[in-house]
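In what follows, a single structure is set out as structure tokens and then discussed.
Below, all heavy atoms of this structure are taken into account, side chains as well, without hydrogens, waters or symmetry copies. Both ligands and their constituent atoms are indexed starting at 1 by order of listing.
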Amino acid sequence: MENWGIYVHIPWCRRRCPYCDFYFEIGAAQQGYAKKILEEFERKKHLWPAQAPSTLYLGGGTPSLLHPEELDKIIMGLKKAAGVQQWQVSLEANPEDLDETILESLKAVGVERLSLGIQSFDDGVLKWLGRAHDGKRAQEVIQQAQSAGFTELSVDFIFGLPGESLQRVETELNTLAAFDVGHVSAYLLTVEPGTPLLIQIQKNKKQAPDDDFQADIYAHLQHELKRSGYQQYEISSWAKAGKASTHNRIYWGQGSYLGLGPGAHSCRVLPAGDLERRINVSDLQKWWQGEPGIEEVSLQSPEASFLESVAFGFRDMERGVRLKRLSERHQTPVSSELLSKLQSMQRKGWVSQMKTAWVLTESGALFADAVAREILN
Ligand code: SF4
């Protein structure tokens, strides 16, 4: 039986980061949220595998805005209701929301892995990104988390801003090296539709990121993170030995996960090989009131699910795509057309064939979207 996980969306933020297109509401977290999450789990749990989930991920929005008592109710409530003995609980947090007391409370309620929205140690970069913390606070929070006993830490960075230099990578990683952090997620800045950043660019108040520079900085990041002892195991994720994210690997492997809360996505693999997806409405009040139509459900045929599992399976650069296993899971034969597409991408150096799996190469990581498009078209 494959691992499956639970995702809980905590939809509040203190302020809007101009580049962000996630679903969130500005303001303080609403009391009683834990109760609503547990009710949603009770309504849906019969649809997910009978075995206990292996991971719980609290994402957002800003989960660290939720009071530790509410977090405790969610974590302990889900653990009991899902019959969990052992699982990995991860939580996303922003530096400005944490202090020693909160970190200790998070540890006490069972959070094991913290994903910190550091983004940069440079005040100028943080200001450009519209973040609420500064570089000094970013360093302090890592130190505080480690003192509170968090050995599973992940740090997020955003690179590829207009006017940035390649040197920024070394500067950030040199600062990070003072702490023994096991996991790094490094993203390139993207300009999403409907974001304040896009409007600022359209009004010439900010410059757009440059594609060629982003390709250069990505290659530089790959090189420097490797030199710092991190192994790339996903397009935007690097880890030291044993520190890869268990929960995110379920997404990349197109496994089953149950999303709870407004805007949360779910996916489950059905016995006949189809993938069923559910998307909760991105509207806190509608979700809270449980109005009809708060959830969109779609079913994908086994053939389409197989191709999607192959296309997105390449994101996991260590495990890669095991065609035989996916073909059995989705009850779909491997076509000669798919094999010839893979061989053509192998000639371009984007993918390579290992013993039992096809994997994305280091240079192919920059073309991951093109690889997925090629497989799906
Ligand atoms: S804190 Fe995170 S979720 Fe909230 S606006 Fe900023 S990037 Fe988006």
Is the closest basic N to carboxylate O distance between [X] and [Y] below 4.0 Å?
X      : Y      : result
Lys324 : Glu328 : yes
Arg249 : Glu318 : yes
Glu308 : Arg277 : yes
Glu295 : Lys44  : yes

In total, how many protein N/O/S atoms does one find closer than 2.8 Å to atom 6 (Fe) of ligand 1?
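Those protein atoms number 1 in total.
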
Using the six-membered ring of Trp287, assess whether NZ or CZ of Lys36 lies under 6.0 Å from its centre and within 45 degrees of the ring axis.
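Negative - Lys36 is either too far from the ring of Trp287 or too far off its axis.
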
Identity of the nearest option to atom 3 (S) of ligand 1, non-hydrogen atoms only, from Ser64, Pro11, Pro18, Gly61:
Gly61

Can you name the residues that form a side chain to side chain contact (heavy atoms under 4.5 Å, CB included) with Glu276, not counting sequence neighbours?
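Partners of Glu276 by the side chain to side chain contact (heavy atoms under 4.5 Å, CB included) criterion, ordered by chain and then number, come out as Arg268, Leu270, Arg278, Val297, Leu299.
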
